[in-house]
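Just so it is clear, the model here is predicted, and its values are computed rather than measured. Read the numbers this way: they start at 1 and go in the same order the structure lists the ligands and their atoms.
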Amino acid sequence: MATIFLGEMISVNQNPWNIKSPADALFYEEKGALVVDDQGIILKVGSSDLLCQEYKDAKIENGEGCVILPGFVDSHIHFPQMDMIGTHSGELLEWLEKYTWPMEKSFADPEVVREAADVFCQELFKNGTTFSSIFTSNHEHCVDILFEAMYRHGARAIVGKPSMDQNCEPTLAISAEEDYKEQLRLIEKWHNKDGRLFYSVTPRFAPACSEKMLEMLGKLFRSRSDLFLQTHICENQSEVAWIKEIFPKDKDYYAVYERYGLSGERCVMAHAILCTEDERARMLQGGTSVVHCPTSNLFLGSGFFPLMKVAGSGMRVGLGTDIGAGTDFSLWQTMSEANKVAKILKKPVHPVHLLYAATEGGALCFGQHDLGRLEAGYKADFQVINPGKNTLLSRAWKKYKDPVEKLMALIHHADDRVVSKTFVNGREVYSV
Ligand code: GUN
Ligand code: ZN
C-alpha cells in the first residue's frame, strides 16, 4: 500500500548550473503530497488535493506545518573525528599530527568505536543526512562496526578504511599486503549490502601512501567495476609542496593518483582548492568528482574553493562537512559557509546551486541517479522539517513567500532543532 506524506515541498529537480536562471530548477509546492510505495520508491509528487484523490486507499501522514525536502548527501566526512571538532592547532599538517592521529589511534579499541558508531548515525539523521561518504580509522574493526551500525539504523552510506603506510603515526601504518587482505574481507562482507551500503577504496592522501600502497590500491579499485574511491587532494599549500618532495617525477598532485589508476569515474576527491587549471581539466575529462568542504577549509585556513568556476565548467561537485576539520554536521551550515566563500571570491552562488550540491549534485558524484530529488522514480530518502522549532527561521518563514527566499532562510537559519523526521528508502530512521 502507498503512503502519502503531506507538507510544503522543496527540491531541486534539475542541475541549476545547466540553465540560465538557477531559480527555475527549484521545485516548490505549498500544499504538497509525496506518494511513496512500499518498496521505498517515490510514485508521484504534486498537489495534495489531486494526489489524495488519485490515491484514495493510501495511508496518509499529515505533516501539519512541516516542510519536506530530499535527504542531504554528505559527500565527505570522517567518523572518528566527531569528537575533535574545533580542536585548536595550526593548519592541516600540524592538525593531523597533533589531534587527528591520536584520535584515530583511540579507535583501536572496539568498545570506543561501538559507542561512537551509534552516536554518529544519530547525528547524521538528526541533521537530515541520509547518504554519506565516510572515512573510518584504518582499523578493520572500525569499518566493520560502523557498517554494522549503519545497517541496523537503516542508513545509506559509502564507507572506506583510509590506507596509509608512511608519514603518519607509526601504530596507524599498515603494510600494503595486510591492508589488501583486510579490505577484501570488508568488501566481501559489506559491499552492496541491501543496496544501500558500499565500500570505497580510500587512499588517505598521497603523502601517507608509499608507491607500493598506491599500486595495491589502484589494482584493488580496478579489480571490479562497482567499487568507489575517495581521497583528499590539493587542500593546503604545505601539503602540495610536500607532494613535490615525495613524488618529484609527477608533474602535479593529481598525476600521482592518475599514475596508479586512482582517478576517473566513481572517484571522489575532497577539497581540490589549489588544483591547477591543467589538473582541473584532466579531472573533468576523466570524470573525477570533487567535494567542497567550506567549514573545514575555513577552520584550517586552507583556502577558498572556486565553486562557481568548477561546477560551472561541468564538473560534478558535492558538499561535505569534513567533520572534524569541518565544524558542523549540518549541510545547511555547510551551504551557508559555501555562500560566504563564494562571495569572498566575487563569484556569488545562488541558493538553488547550494541545495543542489547538498542533494542530487552530491549523489551524482557517486553515480547515484535515483537519489536527491523529490520526483517520481527516485528513492524515498527525505527529511521532514518543522521551521516552527527555530524562532528566527519561523519568523522568516512567515515573512518570505517566494520559494527562493524561503530556501535562503533555511540555508542561514535551519539546524538540527528543526529536523523532525528522516526517512531512507521510505522507512522512518529518525524521529524526535
Ligand atoms: N588530509 C589527509 N587526512 C585528512 C583529514 O583527516 N582531514 C582533512 N581535512 N584533510 C586530510
Ligand atoms: Zn577529509
Novice: I'd like to know if D252 pairs up with R282 as an ion pair, taking the criterion as any Lys NZ or Arg NE/NH1/NH2 lying under 4.0 Å from an Asp or Glu carboxylate oxygen.
Specialist: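 So D252 pairs with R282 through a salt bridge.
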Novice: For F131, enumerate each residue passing the ring-ring contact (aromatic ring centres under 6.0 Å, His included) test, keeping only those at least two apart in sequence or located in another chain.
Specialist: F366
Novice: Among side-chain atoms of S89 and Y99, is any donor-acceptor pair under 3.5 angstrom?
Specialist: no
Novice: Would a line drawn from the ring center of H76 to the ring center of H232 be shorter than 6.0 Å?
Specialist: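 Between H76 and H232, the centre distance is under 6.0 Å.
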Novice: Are the ring centres of H153 and F120 closer than 6.0 Å?
Specialist: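 Between H153 and F120, the centre distance exceeds or equals 6.0 Å.
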Novice: In chain order, what residues pass the side chain to side chain donor-acceptor pair (under 3.5 Å) check against W95, with sequence neighbours excluded?
Specialist: T87
Novice: Would you say the side-chain atoms of Q14 and Y356 include a donor-acceptor pair closer than 3.5 Å?
Specialist: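 Note: Q14 and Y356 side chains miss the donor-acceptor criterion.
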Novice: Is a donor from one side chain sitting under 3.5 angstrom from an acceptor on the other, for D74 and T129?
Specialist: no
Novice: Name each N or O atom in ligand 1 that is under 3.5 Å from a protein N or O, and give the partner atom and the distance.
Specialist:
residue, atom, partner, partner atom, Å
ligand 1, 3 (N), R204, NE, 2.9
ligand 1, 6 (O), Q81, NE2, 2.9
ligand 1, 6 (O), R204, NH2, 2.6
ligand 1, 9 (N), E235, OE2, 2.9
ligand 1, 9 (N), D322, OD2, 2.9
ligand 1, 10 (N), E235, OE1, 2.7
ligand 1, 10 (N), E235, OE2, 3.4

Novice: Do any protein N, O or S atoms sit under 2.8 Å from the Zn ion (ligand 2), and which ones are they?
Specialist: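 Counting only protein N, O or S atoms under 2.8 Å from the Zn ion (ligand 2), the list reads H76 NE2, H78 NE2, H232 NE2, D322 OD1.
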Novice: So that I know where these two stand, are F221 and F228 an aromatic pair - ring centroids less than 6.0 Å apart?
Specialist: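 No, too far apart.
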